[in-house]
Amino acid sequence: MADGFGYVSNRLRFLVVVMGFALVAGLWLLPQGAPVTGQVSATVLEVNEGTATGLRSGQSVTLVTLRVRLETGEETRVQGLGRPPVVGDTVMLLESAYPDGKRRYRLLPEHGVAD
């Protein structure tokens, strides 16, 4: 009977340790607080397209990743939607600035390529 109790006890300790690591990693990696959002423009430097076959549907799926240069001179990557822009285009991004200093960017689907 003691062996069964020790087995369960060790499993529970392991679960508590793993959950502790997950909590600390989540707090460290994920931005904290409510973001301040705004729009910024960026210039497309690189367009990468990859295709794969969907596991459930079997249909071809395309993922577009853009490397862009922001107005501040910083470079970042964003996921493209729909028709991908070409190198040199100016696109509008949604910027989310968090209180801890992290910034995240998303391509605005309704604006896409700026005129």
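If you're wondering where the values come from, they're calculated on a predicted model, not measured in any experiment.
Not counting sequence neighbours, the partners of E75 by the salt bridge (charged side-chain N to carboxylate O under 4.0 Å, His left out) test are R67, R69. Remark: D100 engages no residue in a side chain to side chain donor-acceptor pair (under 3.5 Å) (not counting sequence neighbours). In this structure, the side-chain contact (heavy atoms from CB on, under 4.5 Å) partners of S60, at least two apart in sequence or on a different chain, are T51. With sequence neighbours excluded, no residue satisfies side-chain contact (heavy atoms from CB on, under 4.5 Å) with R56.
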Show which side-chain atoms of residues 91-98 pair as donor or acceptor with protein atoms under 3.5 Å away, not counting sequence neighbours.
unit_1	atom_1	unit_2	atom_2	d
E95	OE2	R103	NH1	3.4
E95	OE2	Y105	OH	2.9

Please output the side-chain donor-acceptor pairs of residues 23-30 that fall under 3.5 Å, not counting sequence neighbours, one pair per line with the distance.
none

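Considering every non-hydrogen atom in both L107 and G80, the closest pair reads CD2-CA, 3.9 Å.
Distance alone, capped at 3.5 Å, is enough to place a donor-acceptor pair between the D89 side chain and the V86 backbone.
Distance check, rounded to the nearest 0.5 Å: OG1 of T76 to CG of L66 gives 10.5 Å.
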Next item on the list: For Q39 and L108, run side chain to side chain contact (heavy atoms under 4.5 Å, CB included): C-alpha distance rounded to whole Å, both residues' side-chain angles, the deciding distance at 0.1 Å, then the answer.
Entry: CA-CA 9 Å; Q39 291 185 8; L108 288 174; 3.6 Å; yes
Notebook entry, point to check: Step by step, would you call V64 with V47 a side chain to side chain contact (heavy atoms under 4.5 Å, CB included)?
Noted result: CA-CA 7 Å; V64 178; V47 178; 4.0 Å; yes
Check: Which is it for Q79 and R106 under the side chain to side chain contact (heavy atoms under 4.5 Å, CB included) test, yes or no, and what are the steps along the way?
Finding: CA-CA 7 Å; Q79 185 176 3; R106 285 188 302 157; over 6 Å; no
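There is a side-chain donor-acceptor pair under 3.5 Å between S41 and E71.
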